[in-house]
Amino acid sequence: HIDWRVSARTHKTHTKLFSEEHEKPVLLAVEQTPALFFGSQVRLKANQALNLAALLGWVTLQQNDLFGGLVFGETEQAWVHPKHTEHTLLNWFEQALTLQRTLHAPGPALPQLWQRHCLELLKVVKPGSRVFLIGDLLDMTPATLNHLQTLRKHAQVCVLHLYDPLDKNLPPIEWLSLGDTRGEAGMTLNAKDPLVQAQYQKSYQTRWQTLQSQLHTLGICVHEIGTHDDPLEALLARRLIR
């Protein structure tokens with residue numbers, strides 16, 4: 001690897017150094033299910049998921065890395081192979097928006113969907129990739145955690161759990177009537193009762209802290225981002241983009 005022309009001109013030995021640039025694949029797995037068709041402030045969870053995906057996608061291309069990933073609904077899914085092109089990013093968003101348009105009413109979270117799609121990720125994620133999981137993600141099944149543990153062995157994994165302020169605190173009104181997503185009556189409760197408020201808050205915090213503990217044990221970073229949060233500020237504050 002001696003550079004003979006430079007060596008002859010300077011009368012000193014010069015060698016050529018070669019460095020190979022590696023484009024890191026950044027993959028997103030984003031949920032667009034009825035569980036995300038909810039928002040009490042600013043926007044729906046489903047919209048916030050795509051806001052975060054947009055920022056991560058464009059930053060990925062600006063950093064000369066590969067972008068691709070998976071987006072899934074309750075019954076359908078779409079996979080876009082990672083490439084370093086705007087067309088790939090726009091194609092992914094076209095698939096995501098198509099799934100979002102099928103959402104018409106809130107529904108329960110389905111942890112088995114993440115279980116299924118985390119297994120799919122194991123088949124396609126290459127070593128050295130960076131993977132973002134964006135969605136509800138509470139109450140992960142043991143199988144999902146096993147899949148993530150395997151994925152973490154050769155990829156960097158980060159979980160972004162989306163929440164709404166109503167997930168954490170009941171509105172300060174006296175009586176609430178709670179029903180299921182089919183409109184059937186469930187129960188009534190006094191939201192101004194401090195004991196009711198405390199139990200409601202504890203229910204969410206217990207589930208959130210359990211998820212944190214499970215993922216930290218696996219070496220996986222996890223963050224919660226609200227529907228009312230500015231998506232850019234949220235990603236910058238958590239140092240997920242720069």
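Keep in mind that the numbers below use all heavy atoms, side chains included, and drop hydrogens, waters and symmetry copies. We number each residue from 1, following the sequence as shown. On a predicted model such as this, the values are computed, not experimentally measured, just so you know.
- Taken together through direct or relayed side-chain contacts under 4.5 Å among Ile, Leu, Val, Met, Phe, Trp and Tyr, Leu28 and Leu236 form part of one hydrophobic cluster.
- Residues Val30 and Leu122 are members of separate hydrophobic clusters, defined by side-chain heavy-atom contacts under 4.5 angstrom among Ile, Leu, Val, Met, Phe, Trp and Tyr.
- Leu56 has its side chain within reach of Leu235: a pair of non-hydrogen atoms, C-beta onward, lies under 4.5 Å apart.
- Of all heavy-atom pairs spanning Gly39 and Asp164, the tightest one is CA-OD1, 3.4 Å.
- Note: Leu148 CG to Leu121 CG = 8.5 Å, rounded to the nearest 0.5 Å.
- His84 places a side-chain N or O within donor-acceptor distance of the main-chain N or O of Leu61, the cut-off being under 3.5 Å.
- To the nearest 0.5 angstrom, Leu70 atom CG is 6.0 Å from His117 atom NE2.
- Ala109 and Ala35 make their closest contact through CA-CB, 3.7 Å (heavy atoms, listed as atom of the first residue, atom of the second, distance).
- Contact of the Val71 side chain with the Gln77 side chain is not registered, since no non-hydrogen atoms from C-beta on lie closer than 4.5 Å.
- Scored by the side-chain hydrogen bond (donor to acceptor under 3.5 Å, both in side chains) test, Glu31 finds Thr33, Trp114 as partners (sequence neighbours excluded).
- With a 6.0 Å radius and a threshold of 12 heavy atoms from other residues, nucleotides or ligands, Lys83 has its NZ atom at or below the threshold.
- Between the side chain of Gln197 and the backbone N or O of Asn169 there is no donor-acceptor pair closer than 3.5 Å.
- Surrounding CD of Glu86 are at most 12 heavy atoms belonging to other residues, nucleotides or ligands under 6.0 Å away.
- By the side-chain hydrogen bond (donor to acceptor under 3.5 Å, both in side chains) test, Thr85 pairs with Thr88, sequence neighbours left out.
- One finds the CG atom of Leu145 at 11.0 Å from the OG1 atom of Thr150 (value rounded to the nearest 0.5 Å).
- Residues satisfying the salt bridge (Lys or Arg N to Asp or Glu O under 4.0 Å) test with Asp229, not counting sequence neighbours, are none.
- Looking at heavy atoms from C-beta onward, Phe72 lies out of side-chain contact with Gln95 at the 4.5 angstrom threshold.
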Got a list of side-chain donor-acceptor pairs under 3.5 Å for residues 5-14, not counting sequence neighbours?
residue, atom, partner, partner atom, Å
Ser7, OG, Asp3, O, 2.8
Ser7, OG, Lys12, O, 3.4
Ser7, OG, His14, N, 2.9
Thr10, OG1, Val6, O, 2.8
Thr10, OG1, Lys12, N, 3.4
Thr10, OG1, Lys12, O, 3.4
Thr10, OG1, His14, ND1, 3.4
His14, ND1, Lys12, O, 3.0

(request) Go through the steps for Asn51 and Arg43 under the test side chain to side chain contact (heavy atoms under 4.5 Å, CB included), then give the verdict. (result) CA-CA 10 Å; Asn51 288 338; Arg43 59 181 70 86; 3.4 Å; yes
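- Checked by atom type and distance alone, the side chain of Ser203 never pairs as donor or acceptor with a backbone atom of Gln199 at under 3.5 Å.
- Within the 4.5 Å cutoff, no side-chain heavy atoms of Tyr163 are placed close to those of Trp208.
- When side chains are defined from C-beta on, Leu137 does not count as touching Thr144, because their heavy atoms never get closer than 4.5 Å.
- The backbone N or O of Gly226 sits less than 3.5 Å from a side-chain atom of Gln48, completing a donor-acceptor pair.
- With hydrophobic clusters built from ILVMFWY side chains whose heavy atoms lie under 4.5 angstrom apart, Val131 shares a cluster with Leu113.
- Among all heavy-atom pairs drawn from Gln100 and Gln32, the shortest one is NE2-OE1, 2.9 Å.
- We find the CG-OG1 distance between Leu55 and Thr60 to be 10.5 Å, quoted to the nearest 0.5 Å.
- Exactly one residue among Arg116, His147, Gln115 makes a side-chain hydrogen bond (donor to acceptor under 3.5 Å, both in side chains) with Thr141. That residue is Gln115.
- Hydrophobic clustering (side-chain heavy atoms under 4.5 Å, transitive across Ile, Leu, Val, Met, Phe, Trp, Tyr) keeps Ile134 apart from Leu218.
- Summarising the hydrophobic clusters (Ile, Leu, Val, Met, Phe, Trp, Tyr; side-chain heavy atoms under 4.5 Å, direct or chained), the residues clustered with Trp4 are Ile2.
- Ionic pairing of Arg207 and Asp167 is not present here: no N-O contact between side-chain nitrogen and carboxylate oxygen is shorter than 4.0 angstrom.
- Atom CG of Leu215 and atom CE of Met140 lie 5.0 Å apart (nearest 0.5 Å).
- Side chain of Asp65 to main chain of Lys24: a donor-acceptor pair is present (N/O by atom type, distance under 3.5 Å, no hydrogens or angles).
- By the 4.5 Å heavy-atom criterion applied to side chains, Leu160 and Arg238 are not counted as neighbours.
- The shortest heavy-atom contact between Leu27 and Gly69 is CD2-N, 4.1 Å.
- In Gln41, the CD atom is crowded: over 12 heavy atoms of neighbouring residues, nucleotides or ligands sit closer than 6.0 Å.
- Side chain of Arg152 to main chain of Gly219: a donor-acceptor pair is present (N/O by atom type, distance under 3.5 Å, no hydrogens or angles).
- Residues passing the salt bridge (Lys or Arg N to Asp or Glu O under 4.0 Å) test with Lys202: none are found, sequence neighbours excluded.
- With contacts defined as side-chain heavy-atom distances shorter than 4.5 Å, the pair Asn47/Thr227 does not qualify.
- Rounded to the nearest 0.5 Å, atoms CG (Leu36) and CG (Leu103) are 8.0 Å apart.
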(request) Please lay out, stage by stage, how Leu52 and Leu162 fare under the test side chain to side chain contact (heavy atoms under 4.5 Å, CB included). (result) CA-CA 10 Å; Leu52 296 169; Leu162 302 178; 3.7 Å; yes
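- Shown here for His161 and Tyr204, the closest heavy-atom pair between the two residues is NE2-OH, 3.0 Å.
- When the side chains of ILVMFWY residues are joined at heavy-atom separations under 4.5 Å, either directly or via intervening members, Trp92 and Leu99 end up in a single hydrophobic cluster.
- A 4.5 Å side-chain heavy-atom check between Phe67 and Val59 finds every atom pair outside the cut-off.
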